[in-house]
Amino acid sequence: MARYTAPAGAPKGWLEIFEFYSQRRLVTIFLFGIASGFPWVMIGSGLNAWLNELGFTRSMIGYFGAVFAVYSVNFLWSPIVDRVRAPFLSAWLGHRRGWILLCQIGIIGTTIAIASVDFQTQLHLAAILALAIAVFSSTQDIGIDAYRIDSIGEHEAHVQSAGAAMATAGWWTGFAGLGAVPFLLSDFPGWDWPHVYMVLAAMMACLTLGVWLAREPKTQRNVQQQESELHYQQAAARSPGKTLAMTSFAFAMLIAISLAITGQVSHFSAWVTEVTALTLPKTIWFLWFGIVLAFLTGLVMALVRLQRESEKASAAELLPVQRKHRIAAWIIVTLIEPLAEFFRRSGPRFALSVLLFVLLFKIGEAFLGRMSIVFYQEVGFTNTDIGLYSKLMNWWVTIAFALIGSYVNMRFGILKGLFIGGSAMALSNLLFSALAIVGPNKALFIAAVVSDGFTSAWSTVAFVALISLLCNRAFTATQYALMASVGTLGRTVLASYSGVVVDWLDGNWALFFFLTTLMVIPSLLFLWSIRKPIQRLEDENHARSR
């Protein structure tokens, strides 16, 4: 592996490090991270505990987590977040902040609604509301991730690791720190889960504070997008047939979005009836795979056309532009160009290689996380134990090691950070196997939680920093959402099989966690195979920082 030299802007000394991490934009990123992680409590650990206490099976709880599949397809509507302004709010708060607040309002409303649902008689409605929370939350993440990248200059590559650390620390503050609240409240006399969810809605309302403290980042995004539009207006005037094909593809993708969301609702409704509980997860997987395959096929075709039109446009005279040409250019720049630019700039081979690594990296961690609450309860820990150790303690561990990990990444490089974090992440899962064998031993529980928090934070910071550096500032939301959503696929759709795996193993938790350790290995082998182009990318960004 090539030698990495720390960038000149990396802080040195405790005072300089403190001043560096306390700058306003990084604090704002931390607050947005809290708002990003908190909804996962509502449709993740909190909902799992609620369903478990109502007597639903492990398989059913695992399938309920399939609502997170929305996070794995949110790149499909991310171009809308990049180009279209949120109604009323963007004019008042700015493009990024307007979208974030709009989604937060949606999360609050749907959380209040799910608190009033009787799961025993209205399980379908509860499933749809959980899905709605996931849609609002995943769209909020598009805006938050774009805000984070836009607020850090392209000449400040080393700050991306710090931004990733603050986002990770914030996410775990929302998920683990504030996520301890529902478990603590649920053990109080007279408190039930509907009351707890009303408190969660109120807490989400408080988390809108980040929007009011943030400053809208100033970028050249509009200028770059306008230049692209002018180019494609000429392309549309010269080759209306090819332009029509590309815009038709764009509309086909809009239809695919509707089918994906509608299909998710209908399949999810079937899951909760347990009629076809073992076959429908495969159906939704093939649906998702078909959408992505069609999307990538159309993207390759669009790439060829875009390159040809670029060559023609550079050598020809300007043609008069009509309204239909402007509409076609807007659609192309909004829905196609962000992804086409990513593949064109990175090269199809490296771009697809990065996406495959992103898909594999977090699968083992996701399987562990999906069933962790059920495991803790079955082993014999109380909700209070879970809240104190799995949530509150893990929260502080994650914050500490996210910051440490980001500093190490700045000093030694993102690639090394990925190898260190990924290897440690695989080994830490073995402690959960030991806990399954020993039983409810609090000392071992603490060791497992600390190890998991450390490895998760370290690997996540390096992971987020890498995909942030791959984004073009003109299409930040779309390109980051593409890579993040592919990673989320492993953490959502595939992890929905976790309950089935545990049942298939007859509740052998020790073997289950051993298997999650093995799941990390393929991604590390694949990372090794693409290490050289990643190292070159780091070196180029390092040079721009000087």
H95 side-chain N/O to V81 backbone N/O, donor-acceptor pair under 3.5 Å: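 Present.
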Atom pair [atom1]/[atom2] of [X] and [Y] - distance to nearest 0.5 Å:
X    : Y    : atom1 : atom2 : value
S186 : Y197 : OG    : OH    : 10.5 Å
F432 : S451 : CZ    : OG    : 7.5 Å
M203 : M42  : CE    : CE    : 8.0 Å
Q104 : I144 : CD    : CD1   : 6.5 Å
I108 : I133 : CD1   : CD1   : 11.5 Å
R97  : I100 : CZ    : CD1   : 9.0 Å

[X]: partners by ring pair (Phe, Tyr, Trp, His ring centres under 6.0 Å), with sequence neighbours left out:
X    : result
F512 : W509
F445 : Y376, F381, Y389
F38  : none

Working for side-chain contact (heavy atoms from CB on, under 4.5 Å), residues V520 and S523: CA-CA 6 Å; V520 182; S523 67; 4.2 Å; yes
For [X] and [Y], which heavy atoms make the closest approach, and how far apart are they?
X    : Y    : answer
F361 : M425 : O-CE, 3.4 Å
L185 : W191 : O-CB, 3.2 Å
T455 : S428 : OG1-OG, 3.3 Å
I43  : A130 : CG2-O, 3.6 Å
N441 : L444 : OD1-N, 2.9 Å
G174 : V41  : O-CG2, 3.8 Å

What residues form a side-chain contact (heavy atoms from CB on, under 4.5 Å) with [X], not counting sequence neighbours?
X    : result
P522 : none
T28  : R24, F32, Y147, A214
T476 : R96, A146, I149, D150, R473
V464 : R148, A164, T460, S468, Y480

Identify, with sequence neighbours excluded, every residue that meets side-chain hydrogen bond (donor to acceptor under 3.5 Å, both in side chains) alongside [X].
X    : answer
N74  : none
T517 : none
D192 : H195

Step-by-step side-chain contact (heavy atoms from CB on, under 4.5 Å) determination, S459 to L418: CA-CA 6 Å; S459 59; L418 284 170; 5.9 Å; no
Trace of the side-chain contact (heavy atoms from CB on, under 4.5 Å) decision for Q377 with N52: CA-CA 9 Å; Q377 290 178 330; N52 194 45; 2.3 Å; yes
Ring pair (Phe, Tyr, Trp, His ring centres under 6.0 Å) evaluation trace for W212 with W92: CA-CA 11 Å; W212 312 114; W92 177 28; 5.5 Å; yes
Are [X] and [Y] packed together at the side-chain level, in the sense that at least one heavy-atom pair is separated by less than 4.5 angstrom?
X    : Y    : answer
S45  : W50  : no
I34  : W172 : no
P182 : L200 : yes
L505 : L515 : yes

Within 6.0 Å of CZ in F514, more than 12 heavy atoms from elsewhere: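 For F514, atom CZ is not crowded (no more than 12 foreign heavy atoms under 6.0 Å).
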Any pair counted as side chain to side chain donor-acceptor pair (under 3.5 Å), so long as it reaches residues 108-119, sequence neighbours left out: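 The answer is D118-T121.
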Pairwise side chain to side chain donor-acceptor pair (under 3.5 Å) hits with a residue in residues 429-440, at least two apart: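 The answer is N429-T516.
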W193 and F183 aromatic ring geometry - parallel, tilted or perpendicular at 30°/60° bounds: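 Rings of F183 and W193: perpendicular, over 60°.
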Aromatic ring pairing Y71/W40, orientation class (parallel under 30°, perpendicular over 60°, tilted between):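 Answer is tilted, since the angle falls between 30° and 60°.
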Worked verdict on I112 versus M198 for side-chain contact (heavy atoms from CB on, under 4.5 Å): CA-CA 6 Å; I112 293 173; M198 293 299 293; 4.1 Å; yes
